[in-house]
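The block underneath contains the structure these notes are about, expressed in structure tokens.
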Amino acid sequence: MAHIVENQLFAAAQAIEQQLDQEIDRLDSFDSDDLKALREKRIQEMKKLNNKKQEWLRNGHGTYSELADEKEFFEVSKKSPNIVCHFYRDSSERSRIVDMHLKILAAKHIEAKFCKVNAEKTPFLTQRLRIKVLPTIALVKDSKTKDFIVGFTDLGNCDDFSTEMLEWRIAHSGAIEYKGDLMQPPDVKRKPFINRAQKTIRGGYDSDDSDIDLDD
């Protein structure tokens, strides 16, 4: 596993370096003083971004990992201001669906730390964040909890939502960079489940019957 992670980090670092070299080569073609100043400014911006990306990779960004306990969560939060954290339970089939999508998004959005924690092993953190339904994804932006994705209600009330749909929903918190249209969900053509009985979870959350109430 460690070897795989090292290969992923090496490949990501190579891609970043290649992008920087290509940008420098492009800007090298400028001649005038104004363009030279623009070139230097752009190079400095690219180097700054490159250093930031390298720091993200060193802090475990780019991979989807499980945190052992609350202590590890708080350690991660000190290093990573933007976090996408999945609270799960082993018996939840929907949590495995979330795992599949977040693994893909973690590799795409290295600007945020993607991780998961077992809610039953982190009672203090779960209660502090008032998490009542699993799966729940906590979205942290600039070291502040901005939003929660509770169950699949915001994802079309279906289990076959796309990775792009989850990416779009996460992006509303600002925890990841998003180039699409936040006003238009990617899965608008998908038909959500209708006329399904809903249950209200104590604490104000609504969820469908496939989600798990922590008080059960």
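Any value given below was found using the heavy atoms of this structure, including those in side chains, with hydrogens, waters and symmetry copies removed.
- Between Asp69 and Lys121 there is no salt bridge, since no side-chain nitrogen of the basic residue lies less than 4.0 Å from a carboxylate oxygen of the acidic one.
- For the residue pair His172/Tyr178, the side-chain donor-acceptor check at 3.5 Å is not satisfied.
- Note that the CD1 atom of Ile97 and the CG atom of Asp159 stand 4.0 Å from one another [nearest 0.5 Å].
- Ion pairing of Asp147 with Arg169 is present here, as a side-chain N (NZ or NE/NH1/NH2) and a carboxylate O approach within less than 4.0 Å.
- Side-chain contact between Pro185 and Met165 is present, with at least one heavy-atom pair separated by less than 4.5 Å.
- Residue Val76 forms a side-chain contact (heavy atoms from CB on, under 4.5 Å) with just one option from Val140, Leu67, Val117, and that option is Leu67.
- Here the straight-line distance linking atom OG1 of Thr163 with atom CH2 of Trp168 works out to 15.0 Å at 0.5 Å rounding.
- When all heavy atoms of Thr153 and Asn157 are compared, the pair lying nearest together is CA-OD1, 3.1 Å.
- Within the 3.5 Å criterion, the main-chain N or O of Arg89 finds no donor-acceptor partner in the side chain of Ser92.
- Atom CD of Glu177 sits in a sparse spot, with 12 or fewer heavy atoms from other residues, nucleotides or ligands closer than 6.0 Å.
- For the pair Pro81/Lys141, no side-chain contact is recorded, criterion being any heavy-atom separation below 4.5 Å from C-beta on.
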Please lay out, stage by stage, how Glu93 and Arg96 fare under the test salt bridge (Lys or Arg N to Asp or Glu O under 4.0 Å). CA-CA 5 Å; Glu93 179 62 32; Arg96 285 184 279 276; 3.0 Å; yes
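- Across all non-hydrogen atoms, the minimal contact from Glu70 to Pro123 is OE2-N, 3.3 Å.
- Between the CZ atom of Arg130 and the CZ atom of Arg128 there is a distance of 12.5 Å, given to the nearest 0.5 Å.
- With values rounded to the nearest 0.5 angstrom, Asp160 atom CG is found 11.0 Å from Leu155 atom CG.
- Remark: Leu125 CG to Glu72 CD distance equals 12.0 Å, nearest 0.5 Å.
- With values rounded to the nearest 0.5 angstrom, Asn82 atom CG is found 12.5 Å from Ile110 atom CD1.
- Using a 4.5 Å cut-off on side-chain heavy atoms (C-beta onward), Asn118 and Asp90 make contact.
- Put simply, the side chain of Phe148 does not reach to within 4.5 Å of the side chain of Ser173, judged on heavy atoms.
- Two residues are said to be in side-chain contact when any heavy atoms from C-beta on lie closer than 4.5 Å; Ile170 and Leu105 meet this criterion.
- In this structure, the side chains of His109 and Phe114 come closer than 4.5 Å at one or more pairs of heavy atoms.
- A pairwise comparison of heavy atoms in Ser143 and Ser77 identifies OG-O, 4.3 Å as the closest pair.
- Without hydrogens or angle criteria, Asn51 side chain to Lys47 main chain gives a donor-acceptor distance under 3.5 Å.
- For Asp99 against Tyr64, the heavy-atom pair with the smallest separation is OD1-OH, 2.6 Å.
- A salt bridge is defined here as a Lys NZ or Arg NE, NH1 or NH2 lying under 4.0 Å from an Asp or Glu carboxylate O, and Lys108 with Glu167 meets this definition.
- Remark: Lys116 qualifies as a cation-pi partner of Tyr88 under the 6.0 Å distance and 45° angle criteria applied to the six-membered ring.
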Pair Thr145, Ile83 - check side chain to side chain contact (heavy atoms under 4.5 Å, CB included), show working. CA-CA 9 Å; Thr145 305; Ile83 301 172; over 6 Å; no
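- Here the closest non-hydrogen pair linking Ala112 and Val84 is CB-CG2, 4.5 Å.
- Cys85 is listed as a side-chain neighbour of Phe73, based on a closest heavy-atom distance under 4.5 Å.
- In this structure, Leu129 and Ala138 approach most closely via the heavy-atom pair CD1-CB, 4.5 Å.
- For the pairing with Ser80, the side-chain hydrogen bond (donor to acceptor under 3.5 Å, both in side chains) check across Lys113, His61, Glu75 returns one residue only, His61.
- Taking the six-membered ring for Trp, Phe161 and His101 have ring centres closer than 6.0 Å.
- Side-chain contact between Arg58 and Gln54: present, with at least one pair of heavy atoms (C-beta onward) separated by less than 4.5 Å.
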Could you walk me through whether His86 and Ser95 pass the side chain to side chain contact (heavy atoms under 4.5 Å, CB included) test, one step at a time? CA-CA 8 Å; His86 169 207; Ser95 287; 3.5 Å; yes
